[in-house]
**Student:** 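Submitted below is the structure of interest, expressed as structure tokens.
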Number of protein chains: 2
Amino acid sequence: MPLISEPIATFSPLYEQIKAMILASLQSSEWLPGSVIPSEMELAARYAVSQGTVRKAIDELAAQNLLVRRQGKGTFVATHQEDDWQYRFLRLEPDSGGRIHLKSQFLACESIKADLSVAKLLKLKMGDPVIRIERTQSTARKPIVFEEIWLPETRFIGLTLSSLNAWPGPMYGFYEATYATHMVRAEEKIKAILADQVLSSHLQLPLSAALLSVERVAFTYGNKPVEVRHARYDTSEQHYENKLN
Amino acid sequence: MPLISEPIATFSPLYEQIKAMILASLQSSEWLPGSVIPSEMELAARYAVSQGTVRKAIDELAAQNLLVRRQGKGTFVATHQEDDWQYRFLRLEPDSGGRIHLKSQFLACESIKADLSVAKLLKLKMGDPVIRIERTQSTARKPIVFEEIWLPETRFIGLTLSSLNAWPGPMYGFYEATYATHMVRAEEKIKAILADQVLSSHLQLPLSAALLSVERVAFTYGNKPVEVRHARYDTSEQHYENKLN
DNA sequence: CAGTGGTCTAGACCACACT
DNA sequence: GTGTGGTCTAGACCACTGC
């Protein structure tokens with residue numbers, strides 16, 4: 001029996017290829033956050049497949065929160081500028097219930113060279129230029145969060161303290177509006193730590209208070225890491241809420 | 001214009017009703033964790049709908065991790081006894097990477113009356129009988145976790161220290177095998193706290209070390225809470241890992 | 001009203017597992 | 001080979017939105 005050509009590339013269903021093409025359009029900013037994408041019928045024609053196949057592709061992208069379906073209106077590119085999405089990645093909740101409302105105060109914004117750890121997380125080379133931001137977030141009563149944020153400078157050109165202070169809403173809305181960068185998902189590593197001098201003064205807590213340390217890496221389309229964030233939370237009157245499914 | 005009869009009951013698609021019926025079969029233990037459920041064709045006949053409708057119902061239940069599809073074999077009821085599921089709700093990971101392996105030591109198992117907070121979380125009345133368990137979990141080097149667990153006694157009749165110690169694997173496998181109780185999802189509230197006398201001795205840490213406090217409520221089918229768990233983690237060499245989507 | 005996504009069906013064929 | 005889930009199609013009809 002003669003050798004048969006191997007199925008090297010394992011079987012890839014049509015709808016996966018459609019997903020990839022839709023993703024490419026998102027990644028290339030052909031369709032911007034908040035806008036409608038073409039109807040299922042149009043996409044079916046464009047890709048020369050049936051509506052059902054487009055449907056399955058969109059279903060999965062919607063399940064990953066990349067697209068949002070709205071019956072009667074169309075399918076939209078997900079955006080952090082919507083009301084429901086303002087707090088999509090904020091897991092802090094008051095112990096007493098309800099939603100937390102925080103006011104930002106930016107303390108610093110400087111251009112520095114990436115150290116080894118930040119470079120690794122952002123998939124840059126050590127020494128590549130990054131922007132480092134410092135801020136606190138406060139309730140009506142006291143500061144609750146102290147954060148350091150690192151961004152690759154090549155993607156966030158011209159970002160300054162004053163541009164940050166001029167922006168009213170959450171940072172992920174700012175990234176979207178100003179730098180066409182939409183955050184898709186994030187990974188967090190959480191530890192308990194003791195407040196040091198710097199943290200205790202920023203958060204108005206005694207030295208050696210217990211704090212929650214949250215190291216986040218956030219990704220855009222195509223699993224590209226574009227933000228590193230190291231937050232410390234005062235969890236004495238609020239907590240980090242997580243749902244396990 | 002005369003009043004029109006209101007659409008009180010909002011439209012409910014067929015596949016939602018099928019989902020509900022499948023859920024009922026899971027809840028009533030007609031199909032047990034780990035076993036196959038009838039094929040899509042059989043279910044389609046049983047519920048008198050098309051295969052595609054059954055398919056959509058199963059798809060959604062599989063997305064919620066209640067069912068597991070295996071091509072060529074059938075659709076199975078999800079179980080914590082599978083290898084991949086042993087650690088489904090354990091988010092602790094070593095800072096150095098890899099999987100953590102923990103050995104349990106049960107310290108206590110007593111029948112008590114529910115206090116207000118546990119009763120609320122388990123949707124019982126204050127004073128109802130609950131089982132309270134205490135344990136530590138250790139790596140090869142040192143204890144990492146101290147946990148208190150509360151279970152409604154009516155569902156976990158005859159649970160004793162020795163039955164716990166006789167079980168080799170994770171507790172959710174034990175609940176399944178012994179009490180036909182499968183955990184579907186959980187909610188956790190996380191805080192940073194300081195070690196007190198008791199915690200510092202159990203975890204072999206100095207007094208006032210920082211610890212992660214994790215309060216979990218776990219639910220079976222039908223959103224029924226059946227376990228409350230208050231864990232404290234030593235996060236000096238491991239962290240709580242979370243993915244935000 | 002037309003256009004969008006949402007549901008449901010029926011049928012053909014493919015990929016995988018077991019025997 | 002037989003039976004399972006997985007993919008793809010085509011067409012009908014429903015529900016919601018906005019003109």
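Lettering follows sequence order; numbering is per chain, from 1.
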**Student:** With R88(B) as the cation and Y172(B) as the aromatic partner, state whether NZ or CZ is under 6.0 Å from the six-membered ring centre and within 45° of the axis.
**Tutor:** no

**Student:** Nearest of dT4(C), dC8(D), dC8(C) to any side-chain atom of E42(A)?
**Tutor:** dT4(C)

**Student:** In terms of side-chain heavy atoms of S39(A), which of dT4(D), dT4(C), dG6(D) is nearest?
**Tutor:** dT4(C)

**Student:** Rounded to whole angstrom units, what separation is found between the NZ atom of K19(B) and the C1' atom of dC8(C)?
**Tutor:** 16 Å

**Student:** Expressed in angstrom and rounded to an integer, what is the separation of D59(B) atom CG from dC8(C) atom C1'?
**Tutor:** 14 Å

**Student:** L14(B) CG to dC13(D) P: how many Å, rounded?
**Tutor:** 17 Å

**Student:** Would you kindly compare M41(B) and Q71(A) by the position of their nearest DNA chain D nucleotide and give the one closer to the 5′ end?
**Tutor:** M41(B)

**Student:** Over how many whole Å does the gap from R55(A) atom CZ to dT9(D) atom P extend?
**Tutor:** 15 Å

**Student:** Are OP1 or OP2 of dC8(D) and a side-chain N or O of T53(A) less than 4.0 angstrom apart?
**Tutor:** no

**Student:** Only pairs with both distances under 3.5 Å count, Watson-Crick or wobble alike; so what is the partner of dT2(D) in this structure?
**Tutor:** dA17(C)

**Student:** I want to confirm an ordering. Mapping G72(B) and G72(A) to their closest nucleotides on DNA chain D, which one lands closer to the 5' end?
**Tutor:** G72(B)

**Student:** Report the nucleotide, chosen from dC8(D), dT7(C), dG5(D), that has the shortest atom-to-atom distance to any side-chain atom of P13(A).
**Tutor:** dC8(D)

**Student:** Shortest non-hydrogen contact from Y179(A) to G158(A)?
**Tutor:** OH-C, 3.6 Å

**Student:** Could you give the CG-to-P distance, from L43(B) to dT9(C), as a whole number of Å?
**Tutor:** 14 Å

**Student:** For R70(A), answer base if it contacts any base atom (sugar-phosphate contacts may also be present), sugar-phosphate if it contacts only those atoms, and nothing otherwise; contact means non-hydrogen atoms under 4.0 Å.
**Tutor:** sugar-phosphate

**Student:** Can you measure E40(A) atom CD to dG11(D) atom C1' for me and round it to whole angstrom units?
**Tutor:** 15 Å

**Student:** Where the side chain of T235(B) meets the backbone of Q238(B), is there a donor-acceptor pair that is under 3.5 Å apart?
**Tutor:** no

**Student:** With a 4.0 Å limit, can you tell me whether Y15(B) has a side-chain N or O closer than that to the phosphate oxygens OP1/OP2 of dT7(C)?
**Tutor:** yes

**Student:** Within this structure, what is the CD1-to-C1' distance between I37(A) and dG3(C), rounded to whole angstrom?
**Tutor:** 15 Å

**Student:** Given atom NZ of K56(B) and atom C1' of dC14(D), what is their separation to the nearest angstrom?
**Tutor:** 14 Å

**Student:** Could you tell me if R69(A) sits above the aromatic ring of F76(A), with its cationic atom closer than 6.0 Å to the ring centre and no more than 45 degrees from the axis?
**Tutor:** no

**Student:** Counting side-chain heavy atoms from C-beta on, which of dT9(D), dA10(C), dG5(C) comes nearest to S50(B)?
**Tutor:** dA10(C)

**Student:** Would you say K73(A) places a side-chain N or O within less than 4.0 Å of OP1 or OP2 belonging to dG5(C)?
**Tutor:** no

**Student:** Using distance alone, with no hydrogens and no angle criterion, decide if N242(A) and Y240(B) have a side-chain donor and acceptor under 3.5 Å apart.
**Tutor:** yes

